[in-house]
Student: 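Can you read through this structure? Questions will come right after.
Note that the structure is predicted; figures quoted are calculated from it, not measured. The first residue of the sequence shown is numbered 1, and numbering continues consecutively from there. In each ligand, atom 1 is the first atom listed, and ligand 1 is the first ligand listed.
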Amino acid sequence: MTRKIIIDTDPGQDDAVAILLALGSPELEVLGLTAVAGNVPLPLTQKNARIVCELAGRPDLPVFAGCDRPLRHPLVTAEHVHGKTGLDGPQMADPVMPLQEQHGVDFIIDTLRAEPSGTVTLCPLGPLTNIATAFARAPDIIERVQEIVLMGGAYFQVGNITPAAEFNIYVDPEAAKAVFGSGVPLVVAPLDVTHKALTTAPRVEAFRALGTEVGRMVAAWTDFFERFDKEKYGSAGAPLHDPCVIAYLLKPELFKGRFINVEIEVNSPLTRGMTVADWWRVTDRAPNALFLGDLDADGFFALLVERLARL
Ligand SMILES: [Ca+2]
């Protein structure tokens, strides 16, 4: 049995690796990719999503452009991390495969209505604008979602775009609040776990040693992506945030977490976008998310190399 997923994404080098991991994994059927404004503006994220599909040899996959700005606030981007294109690093040709005409939000709604209830998993790798917009426009689809497995938030690592907030949640906290309050089963890969998925030099070499175009691209992207985190955190490499979402679908046993209550701060100017995670269970608020905290990093990178080798 394959698991049907929609990847909602703002590529981003780590998004690109996540998409490749999904496309190299026979357990997953990617129904489509929906791009959202995030790391870079929408015209670049939808283009980057197509570049990655073509790199994977899957120009047949439908790629849709979704929302070009957060629900309420102006877009905040992260060129300081990902470069001007969002996929800086290796030289890349413009994609040839077309962008679908349908809006990404309509694709999410139509797909959830068309597929049997409880069989489609949403994998958001960027701000949650598309998902929240689909839920607001078509509340009937909410109970049809099998699960949402997303990258976002932090508890022990607190923030990366402000002292209190992780980027994906910070960009559209109103959307995150809607998704976390939707009642859909949620798995969250916060910075606490993604900061354990570090690209050390031997791990990057393992990508390069694949000897394929995919291996070379992934190595070049991680090389680029690394310089920022090495400088910022003094760490051995860069965290591969978004691939944690896909790896969780494939091998949940690589991860440990807690089923807890997670609320999103939307009002405070100081802590807007904070994921207030009740890790120590000090409130009686009902749990709404499996909040991941630990990762078998060697197992994670072994899985990545094995699956990228298939592309
Ligand atoms: Ca992303």
Student: Restricting to under 3.0 Å, identify the protein N, O or S atoms around the Ca ion (ligand 1) as residue plus atom.
Tutor: D10 OD1, D15 OD1, D15 OD2, L125 O, D242 OD2
Student: Side chains of T45 and D10 only: does a donor on one sit below 3.5 Å from an acceptor on the other?
Tutor: no
Student: Would you please name every residue forming a side chain to side chain donor-acceptor pair (under 3.5 Å) with T162, sequence neighbours left out?
Tutor: none
Student: State plainly whether the residues R208 and D223 are in salt-bridge range, i.e. N to O under 4.0 Å.
Tutor: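 Looking at D223 together with R208, the answer is yes, because their closest N to O distance falls below 4.0 Å.
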Student: Between Q13 and D15, is any side-chain donor less than 3.5 angstrom from a side-chain acceptor?
Tutor: no
Student: What side-chain donor-acceptor pairs closer than 3.5 Å can you find for residues 245-258, not counting sequence neighbours?
Tutor:
unit_1 : atom_1 : unit_2 : atom_2 : d
R258   : NH1    : W279   : O      : 2.8

Student: State which residues pass ring-ring contact (aromatic ring centres under 6.0 Å, His included) with H195; sequence neighbours excluded, sorted by chain then number.
Tutor: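 Testing H195 for ring-ring contact (aromatic ring centres under 6.0 Å, His included), a comparison that skips the adjacent residues, returns Y233, H241.
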